[in-house]
Amino acid sequence: MENSFFARIARVVLKTKRVAMVLGETIHLSGVDRDTFLRNEEWVAHELCHIRQFKEHGYYRFLGLYLWESVKRGYYNNKFEVEARVAGAQRIFPPDMPDILKPPGLAQAGEQQV
């Protein structure tokens with residue numbers, strides 16, 4: 001979702017020019033358009049990891065765990081962010097990733113799956 005209200009708030013809090021963030025199964029964008037986001041495989045894999053985390057823990061439980069981790073360890077050391085950064089760096093995509101989110105050439109190169 002481009003120009004998301006929630007992502008705009010995250011931009012202010014994180015003091016950054018562009019943000020992608022996940023709530024449930026929706027990726028919210030601010031300061032970046034959808035096409036630019038989708039061309040960045042690392043960023044897409046990072047956000048898809050957060051979608052998996054929401055599914056794994058449940059919407060409200062994950063929000064609580066994520067916030068607690070952020071308070072306890074800080075945003076950068078939050079274990080959910082650490083896991084998502086690793087997924088992004090390794091371009092780990094979930095097996096049930098929607099085709100619309102698949103970076104060009106992913107099928108030909110062979111998907112890494114979690």
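Fair warning: this is a prediction, and the values are worked out from it, not measured in the lab. Just the heavy atoms: all of them, side chains too, but no hydrogens, waters or symmetry mates, feed the values below. For this chain, numbers begin at 1 and follow the sequence in order.
Side-chain atoms of H46 come within 3.5 Å of backbone atoms of A84 as a donor-acceptor pair (strictly under, hydrogens ignored). A donor-acceptor contact shorter than 3.5 Å links the side chain of Q53 to the backbone of F80.
Atom CD of E25 has 12 or fewer heavy atoms from other residues, nucleotides or ligands within 6.0 Å.
With rounding to the nearest 0.5 angstrom, the CZ atom of R73 is 8.5 Å from the CG atom of N78. Here F6 contributes atom CZ and S30 contributes atom OG; the two are 12.5 Å apart, rounded to the nearest 0.5 Å. Remark: L48 CG to R91 CZ distance equals 13.0 Å, nearest 0.5 Å.
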Carefully, step by step, assess M21 and I27 under the rule side-chain contact (heavy atoms from CB on, under 4.5 Å). CA-CA 6 Å; M21 63 172 283; I27 300 172; over 6 Å; no
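No hydrogens or angles considered: nothing links the side chains of T16 and R11 as a donor-acceptor pair under 3.5 Å. No hydrogens or angles considered: nothing links the side chains of E69 and Y75 as a donor-acceptor pair under 3.5 Å.
A continuous path of ILVMFWY side-chain contacts below 4.5 Å connects V22 to Y59, so both sit in one hydrophobic cluster.
Using a 4.0 Å cut-off between charged nitrogen and carboxylate oxygen, E83 and K79 do not count as a salt-bridge pair.
Residues R61 and L63 are not in side-chain contact: their nearest non-hydrogen atoms beyond the backbone lie 4.5 Å or more apart.
In this pair, H57 and F62 present their aromatic rings parallel. The plane angle is below 30°, not in the 30 to 60° band. Between H50 and Y66, the angle of the ring planes goes over 60°, which puts this pair in the perpendicular group of the 30/60° scheme.
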